[in-house]
Number of protein chains: 2
Amino acid sequence: MFNEKIKNEHLNRLSSEDFKTKEKLPVIVVLDNIRSLNNIGSVFRTADAFLIEQIILCGLCGTPPNKEIEKTALGATSTVGWSYFSSTVEAIKDLKNRNYHIVSIEQVENKTWLQNFHLNDKKIALIFGNEVYGVDQSVIDLSDEVVEIPQLGTKHSLNISVSVGIVLWEIVRTKI
Amino acid sequence: MFNEKIKNEHLNRLSSEDFKTKEKLPVIVVLDNIRSLNNIGSVFRTADAFLIEQIILCGLCGTPPNKEIEKTALGATSTVGWSYFSSTVEAIKDLKNRNYHIVSIEQVENKTWLQNFHLNDKKIALIFGNEVYGVDQSVIDLSDEVVEIPQLGTKHSLNISVSVGIVLWEIVRTKI
């Protein structure tokens, strides 16, 4: 009924060389003190798939090269650009100076529901917070907008790498 | 500028009791031979957040109760309904008998791109495949539709728990 699965070598993915020069989505993912190296690696893999401009690792985030990150990044640490700031607040200030629209992914009263979020033509930085504490209040206070993923069940939050995938997809789906 | 973060106890999440009786999205997630218990737990957590009807674990998938699954499920194994089939093909045949529209998430020629996928009023089963081998060809052959997540970078696929989050969000976003 369906054709056979497409073999990996026929998926027409970019080479690492072509990835470097390819125009990226004007989106930077900022990870605010993410503890799990597994989650960080998974974010690299998703950022590669959706051609994200850069990942900024902040605070206690581990950085490449790292065996645990690589387990889930599967090589995406060598394609996706990244930098490190010890302070998330300093990273945000730098992004504001570079005219990025700062968007924290959190649960506050005055938020935009994800399905109503529009990138328009802005360059944006998306901030995802620590697995337990979320995005730090000092970072939320510096944000231009807060976006929340609607959640209907019993748990308080989604896994961070799943959240990154969902929010990036919401942006990418309108661009293709 | 923004209100403070909403405390967990003020998020108005469902209690476990209310979850049981709440009307679910008519979506069953079928995991075809997923090796990683971490991924399985994460799928439970996402299924809880998006009020999914059920998870069907097939083949070599581990099942609750399991410490490794619980690390990422964070209790969602006691809210989200699940069952186990040793054969994914048998699980699909059972779902077809119950009039579910069978949708494999894979990369084939004759696919629907995720952004064009519409649930309409169908009851659907979404099949996600093994981390290395994807959805088995015998399962694709039994599917009514194959949906592919567009990927623009160098890697061949997304992490399975990220893929589940993205596909479920694409369905949920139109329902809220």
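Chain letters run A, B, ... following the sequence lines, proteins first, then strands; residues in each count from 1.
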Intermediate values then yes/no, side chain to side chain contact (heavy atoms under 4.5 Å, CB included), Trp169(B) and Val162(A): CA-CA 10 Å; Trp169(B) 169 248; Val162(A) 173; over 6 Å; no
Interatomic spacing from NZ in Lys5(A) to OH in Tyr133(B) - rounded to 0.5 Å: 10.5 Å
Contact winner vs chain A - Asp18(B), Leu114(B), Val80(B), heavy-atom pairs under 4.5 Å: Leu114(B)
Nearest-0.5 Å distance that lies between atom CZ in Arg45(B) and atom CG in Leu158(A): 6.5 Å
Interatomic distance, Ile176(A) atom CD1 to Gln151(B) atom CD [nearest 0.5 angstrom]: 10.5 Å
Inter-residue atom distance Gln137(B).CD - Glu4(A).CD, 0.5 Å rounding: 5.0 Å
Structural part of Glu106(B) lying under 4.5 Å from a heavy atom of chain A: side chain
For chain A, the option from Ser104(B), Ser15(B), Gly75(B) that forms the most heavy-atom pairs under 4.5 Å: Gly75(B)
Gln107(A), part contacting chain B, at a heavy-atom distance under 4.5 Å: both
Reported NZ-to-CG distance for the pair Lys71(B) and Asn38(A), which is rounded to 0.5 angstrom: 10.5 Å
Under 4.5 Å from any heavy atom of chain A - which part of Ser161(B): both
Thr46(A) versus chain B, the contacting section by heavy-atom distance below 4.5 Å: both
Interface moiety of Ile149(A) toward chain B, non-hydrogen atoms closer than 4.5 Å: side chain
Best-contacting candidate, Pro150(B), Gly165(B), Gly153(B), against chain A by heavy atom pairs under 4.5 angstrom: Gly153(B)
Contacting region of Val135(A) [heavy-atom separation from chain B under 4.5 Å]: backbone
Chain B contact via Ile166(A) - side chain, backbone, both or neither, heavy atoms under 4.5 Å: both
Interface moiety of Thr154(A) toward chain B, non-hydrogen atoms closer than 4.5 Å: both
Top contributor to chain A interface from Ser157(B), Ser36(B), Ser163(B) [non-hydrogen pairs under 4.5 Å]: Ser157(B)
